[in-house]
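Counting convention: from 1, in listed order, for ligands and their atoms alike. Numbers here simply count residues along the sequence, with the first being 1. From a predicted model like this one, the values you see are computed outputs, not experimental measurements. Side chains are part of it too, since the values below use all heavy atoms of this structure and drop only hydrogens, waters and symmetry mates.
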Amino acid sequence: MISDAIFADSFPTLQQKIGGKKLIYLDSAATTQKPQCVIDAVTHFYEHDNANIHRGVHTLSQRATQAYENARVQIANLLHAPRHEEIIFLRGATEAINLVAQAYARPRIGENDVILITEMEHHSNIVPWQLVCEQTGASLEVVPICDNGSINLEAYKAMLSEEVAIVSMTHVSNAIGTINPVKEMCALAKAVGATSVVDGAQATGHMDVDVEDISCDFYAISGHKMFGPTGIGCLFGRYDVLQEMEPWQGGGDMILSVSFEETTWNEVPFKFEAGTPNIAGAIGLGAAVTFIQELGYDNISTLEHELLVYGTTTLGAIDGVTIIGTAPSKASVIAFTVDGVHPHDVGTILDHAGVAIRTGNHCAEPLMKSFGLNATCRASFSIYNTKDDVDKLAVAVKDAIRMLG
Ligand SMILES: *Cc1c(COP(=O)(O)O)cnc(C)c1O
């Protein structure tokens, strides 16, 4: 088990009081806090190795290049990607999905094609597909979910046909925590010849992800949801698929040679990394990968599952609280509503108690509508949370009900 001692000083942001109360951070699905080792890796880069990559023969440039490329190898290892060239550094999961939509889908699809997504997607896995549908005339279809927030697999199977060119689904829902059976869904997509894209923004901070086993074509991850810095994320893409693709953005580093008559592209993955990337961010993300591997996904999932079960029981026992999303397979996210109290008011009262939760539509407006809601409260847990945090959350929710309910 993970001992409290490991975390006593690991997360500087958590060592503070909010309005005189110890901060209880329950908003890790929006962004995780950063361990000291990640902060140190970023600082160390700027203090010792700062230089541009891939271009210089001088020592700093070589160090920076090595650290950046090491981070790529680390991420490939974390995701069990067969080759490190299959990892492209981008701004985040959003940019990764936009790259697939524009550089892979757009030149390959047309009016007769269908893109399938699910009802529980983050806006980042909806809007890029709407844009590409507008540009190509393809249609977007949405796989419904069941009442408990699980994917409706029967409906998914029925919607799959030869017309489906792309299936893009979230691995874990940020809004209700559902873990999708992505391996099965990707296999079903493949059976009709569709390309599969998985939004893994909420997965890699919590569970072991094996892109080979899932057998997806693309997998998007987000650095800041897995203890890494903001503004960095990755796209895994199958090597043969990436090689076939044209670049997305043009600029430095993505070219082999440039003339006004003809420009030739650099190899994968550099072909997709135009301009100076977030070097420090990639290095920070590498440190986050080490942090995760030292903890071990088994320990992380065990701890988070305990918090999920305890939180679900504790909150569920409060009169007036309804838990939204009760799929059998869930990550440590608990969405809930409180009778007669608007989620924003619950959030404000909780903040006064030092408890940070998220309220609103969680970038999943269509999902909220499917539950007949505009907004929910959401408590999301990570490795630095404890049962005591859950108790403090419950007390604060009861106070909110007493005051406003
Ligand atoms: C946060 C999130 C995104 C967006 O990721 P960024 O790295 O912030 O762009 C996409 N999908 C899901 C499910 C998310 O939780």
inquiry  = Nearest non-hydrogen contact with atom 4 (C) of ligand 1 belongs to which option: I232, L90, T94?
reply    = T94

ask   = What is the closest protein heavy atom to atom 7 (O) of ligand 1, and at what distance does it sit?
value = S222 OG, 2.7 Å

key: Heteroatom proximity flag, V172 to ligand 1, N/O under 3.5 Å   = no

key: Any N or O of E95 closer than 3.5 Å to N or O of ligand 1   = no

ask   = What are the atoms of ligand 1, with element, lying closer than 4.0 Å to any heavy atom of Q202?
value = 13 (C), 14 (C), 15 (O)

key: side chain to side chain contact (heavy atoms under 4.5 Å, CB included), paired with I115, selected from T136, I109, V197   = I109

request  = Indicate whether the side chain of T195 and that of Y104 have a donor and an acceptor atom separated by less than 3.5 Å.
outcome  = yes

message = Looking only at side-chain N and O atoms, does T170 offer a donor or acceptor that is under 3.5 Å from a partner on H122?
response = no

task = Would you check the N or O atoms of T170, main chain and side chain alike, for any that come under 3.5 Å of an N or O of ligand 1?
result = no

request  = Can you sort out which atoms of ligand 1 are near H224, meaning under 4.0 Å from one of its heavy atoms?
outcome  = 6 (P), 7 (O), 8 (O)

task = Would you please classify the geometry between the F89 ring and the Y68 ring as parallel, tilted or perpendicular, with 30° and 60° separating the classes?
result = tilted

inquiry  = Evaluate D199 for polar contact with ligand 1, using N/O atom pairs at a separation under 3.5 Å.
reply    = yes

request  = May I ask you to test the I318-L315 pair for a side-chain heavy-atom distance under 4.5 Å?
outcome  = yes

request  = Using a 4.5 Å cut-off on heavy atoms from C-beta on, say whether the side chain of E212 contacts that of P82.
outcome  = yes

ask   = Taking only heavy atoms of N174, which atoms of ligand 1 are found under 4.0 Å from at least one of them?
value = 13 (C), 15 (O)

